[in-house]
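One structure is given here, and the rest of the page talks about it.
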Amino acid sequence: MFLVLLFACGMLPRFVSANNPVMLEGNDKIYFLGPYLDILEDSQKKWSIEEIASAGFAKEFSSNSLKTPNFGLSKSVFWVRFRLKNKGNAGTKWMLEQNYPLTDSITLYLPDGTGKFVVRKTGDLLPFREREVNYRNFVFPLLIEDEQMLYLRFETQSAMKIDLTLWSPSAFAEKTEKEGIILSLYYGFLGAMVLYNLLLFIVTREKNYAYYVIFFVLFAACQSNLNGLAFQLLWPDYPWWGNISMPFLIGAVIVSGLIFVQSYIESHRHVPRFHQMLTLLCVLGGILMPLSFFVNYSVSIILALLVSVVGALMAWLVTLRVALIGFHYARYLLIGFSLLVVSIVFVVFKSIGIIPDLAIMDYSLHAGTIFHSLFLSIALADKINQVYQENEQFAARLKENNETLQREVLERQKANQLLKEYEANLINLVEERTKELSDANENLLESNEKLKTTQAQLIQSAKLASIGELAAGIAHELNQPLTYIRNNTQLVMMDGVNHLDPQEVFETLKKVEDGSERMMNIIDHLRSFAREVDFKRLPIDLHDTLEASLVLLNEQLKLRNIEIRKNYAPRFIEVLGNSQQLQQVFINIMANARDALEGRQDGLISIETRLIEEKNEPEKVQVLIKDNGKGIPSANLDKIFDPFFSTKEEGKGTGLGMSISYGIVQEHHGVIRVSSIEGEGTSFEIIFLTVAHQRASIKEW
């Protein structure tokens, strides 16, 4: 519905390619400026506006193609420039908005025609009263006469998100009016839900309502801080608090939300182990609150987001567990959590461009919060109803039991005389039964302890088995460099340092150092196999990397009479990557080829590189490594890159090599393929983007 209104009012934006000036054609327009921007990163924070605007810096800027560039938590200063050209009425007023209210500092530089600049500043480090427009986001009023280049300087400890929009005054007024209505309804709804549940707490004294109210008040404060309303309305004169309030409030939301979940689903009774995990996360959330006063914002916000993600996931899983046990009142809480998570996923996917950036998606988180609050209220009401029903059932059973008891009393009064005769026998019988129950209870406790011990032993056995498999893989991967180090060390020990030439000693120690570094790289590869590891990518010579890989295998190949044929592309080829990691890939492939050629007298390994240039496609480089060995059975081709899969004899490999190689190629945004004919040989194909195209094409690739 909101999207239809935008079409009706002519509010949908228009886009053109970057580097073109923004053509201002009317008075009722909106321009999302992302595709018009040129951006320059100043990692040293040393450049002045005079340098930035000089002719020497003209080619230093990079054209932006994204609607909303986002550089994450960066310590750099980012300079932005764009050109406005007024094709309509001269002297038209416009409103330049930065739609991210957590930006620390924004400086606008307007050339005054004399070689100097008019400087205007804003940001959340300044009191709210110093803003030129009384609005939750940062807005600069502009007066564009004809054509003008604008420069902006961004610096912040939060996410470096550049979301610039140019509004005509009428469009901006219409936008703020609609936004005000939506936000008023939203926060009004949250306020009504808080007040309603607060009254229920006062009437029922049910503590879950109190926890609910505290959680939602803190959640609303956190969200209002995120969209800039808190700074505008709650603490406009305290920018120091506004700058640290986000991690503080996130910690408070974590604590209050997890306490509410623990109390509502009675995790201490139904899932005690998960209850302890939730308590630990509560403690971590509590630590985040005072920690936000003493550590850097970027550190505290990362910690807060990590704990909040883990806490939300754990709360969802525990609620799911309780619902599956059979406590239906937990299902409403589960639905509420799921809707909130889905709305957050929509926001994240929109931010990274997976789904279209529609205006209606700006309020998906608000809609998710509303449905979340509704289902939480329904969940509370359902639990209260269940308690009332249980109380009614208990009262009915109590009444029935009371009537039964009265009948029994009458019967016992009539039979009192008979009971006295059998009193002695009854006492003996009760004692015997009591002893039997006591013995049975002891046996049950003993059996329970044995069961716990058995479960612990099974868990420990599983852990030891996993560690054993991993140790076997590590031993296989590290065997070659360890042997390399041992042989060179024994060489020095046998000959003696004093009897060797210093240069020979240096070269031997250098080989030992190379072997050690290779072992360190292998360990890094094994760790990156379990989780994604960031590594610094640099331009590297692909041919030098292949040659470095061959150095470690040449002697082994010569001993097996294996010939190496190289057919490299004549052009110098660079790719963005890590040379040591790519060497590991090539070594793994050629080592497998070496083993496949075992026993052959005409063994051949060919290495070929060639450039792939296709129209309207980024330039790529192809690496082909072929052998004429025994090949791979077709049934095993789909398993080659699976962890721990190996066609070698037991004890000669764990299958980690190719799975690690696959992961390395993926980290380099490349493609690796294998083809083989049993009895004729195997071919591995690896494709990378060249360094000239990789940065620009990484998203499409």
Side-chain angles (χ1 to χ4, degrees), residues 2 98-103 124 128 135-138 158-159 161 163 176 178-198 211-236 238-239 241-261 285 288-289 292 297 300-301 304-309 311-312 315-316 336-351 359-377:
F2 187 66
Q98 159 68 345
N99 188 21
Y100 187 61
L102 299 183
T103 308
D124 67 2
F128 192 85
Y135 184 55
R136 63 184 184 87
N137 289 332
F138 308 110
S158 61
K161 180 180 179 182
D163 189 359
T176 54
K178 292 180 180 179
E179 181 184 80
I181 293 173
I182 293 173
L183 292 178
S184 297
L185 291 173
Y186 172 70
Y187 286 105
F189 172 82
L190 294 186
M193 295 299 295
V194 168
L195 181 60
Y196 170 72
N197 286 278
L198 180 61
Y211 294 149
Y212 174 88
V213 169
I214 295 172
F215 167 70
F216 245 84
V217 168
L218 291 171
F219 187 87
C222 187
Q223 194 163 356
S224 65
N225 197 30
L226 183 64
N227 58 33
L229 287 176
F231 191 31
Q232 179 183 8
L233 302 175
L234 301 180
W235 43 79
Y238 301 97
W241 164 247
N243 203 40
I244 65 172
S245 59
M246 182 57 72
F248 180 90
L249 288 173
I250 291 176
V253 169
I254 293 170
V255 174
S256 60
L258 292 179
I259 290 176
F260 169 74
V261 171
L288 284 173
M289 297 167 65
S292 61
Y297 175 87
S300 62
I301 195 64
L305 292 175
L306 286 174
V307 176
S308 63
V309 169
W316 188 86
F337 269 127
S338 300
L339 290 173
L340 183 61
V341 169
V342 168
S343 66
I344 293 174
V345 168
F346 272 123
V347 172
V348 173
F349 280 10
K350 186 196 75 170
S351 301
I360 195 171
M361 297 303 298
D362 294 339
Y363 299 99
S364 60
L365 183 58
H366 299 77
T369 305
I370 290 174
F371 285 112
H372 178 237
S373 65
L374 285 173
F375 276 98
L376 287 188
S377 298

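Heavy-atom basis, side chains included; hydrogens, waters and symmetry copies ignored.
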Note to self: Restricting to ring-ring contact (aromatic ring centres under 6.0 Å, His included), what partner residues turn up for Tyr211, sequence neighbours left out?
What the structure shows: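 With sequence neighbours excluded, Tyr211 shows a ring-ring contact (aromatic ring centres under 6.0 Å, His included) to no residue whatsoever.
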
Distance, nearest 0.5 Å, that separates [atom1] of [X] from [atom2] of [Y]:
{"X": "Ile301", "Y": "Ile244", "atom1": "CD1", "atom2": "CD1", "value": "11.5 Å"}
{"X": "Leu198", "Y": "Leu195", "atom1": "CG", "atom2": "CG", "value": "6.5 Å"}
{"X": "Asn243", "Y": "Ser245", "atom1": "CG", "atom2": "OG", "value": "8.0 Å"}
{"X": "Ile254", "Y": "Ile259", "atom1": "CD1", "atom2": "CD1", "value": "12.0 Å"}

Shortest non-hydrogen separation from [X] to [Y] and the atoms involved:
{"X": "Tyr186", "Y": "Gln223", "value": "OH-OE1, 2.6 Å"}
{"X": "Met246", "Y": "Leu102", "value": "CE-CD1, 4.3 Å"}
{"X": "Met289", "Y": "Phe248", "value": "O-CD1, 3.2 Å"}
{"X": "Gly285", "Y": "Val307", "value": "N-CG1, 4.3 Å"}
{"X": "Arg136", "Y": "Pro101", "value": "O-CB, 3.7 Å"}

For [X], check side-chain hydrogen bond (donor to acceptor under 3.5 Å, both in side chains) against everything at least two apart and list the hits.
{"X": "Asn137", "answer": "Glu97, Asn99"}
{"X": "Ser158", "answer": "Thr156"}
{"X": "Ser292", "answer": "none"}

Notebook entry, point to check: Aromatic rings Phe215 and Phe260: how do their planes relate, parallel, tilted or perpendicular, breaks at 30° and 60°?
Noted result: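 The rings of Phe215 and Phe260 lie parallel, inter-plane angle below 30°.
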
Within-4.5 Å side-chain heavy-atom neighbours: [X] and [Y]:
{"X": "Gln232", "Y": "Leu229", "answer": "yes"}
{"X": "Trp235", "Y": "Asn225", "answer": "yes"}
{"X": "Thr103", "Y": "Asp124", "answer": "no"}
{"X": "Phe231", "Y": "Pro239", "answer": "yes"}

Next item on the list: Taking side chain to side chain contact (heavy atoms under 4.5 Å, CB included) as the test, write out the residues that go with Ala192, two or more places apart.
Entry: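 None.
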
Margin query: Once side chain to side chain contact (heavy atoms under 4.5 Å, CB included) is applied, do any residues pair with Ala304, and if so which ones, sequence neighbours excluded?
Written below: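 Side chain to side chain contact (heavy atoms under 4.5 Å, CB included) list for Ala304, sorted by chain: Pro247, Ile250, Leu288.
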
Checklist line | Result of checking Phe189, Phe219, Phe216 against Val194 for side-chain contact (heavy atoms from CB on, under 4.5 Å) | finding: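 Output: one option passes, namely Phe216.
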
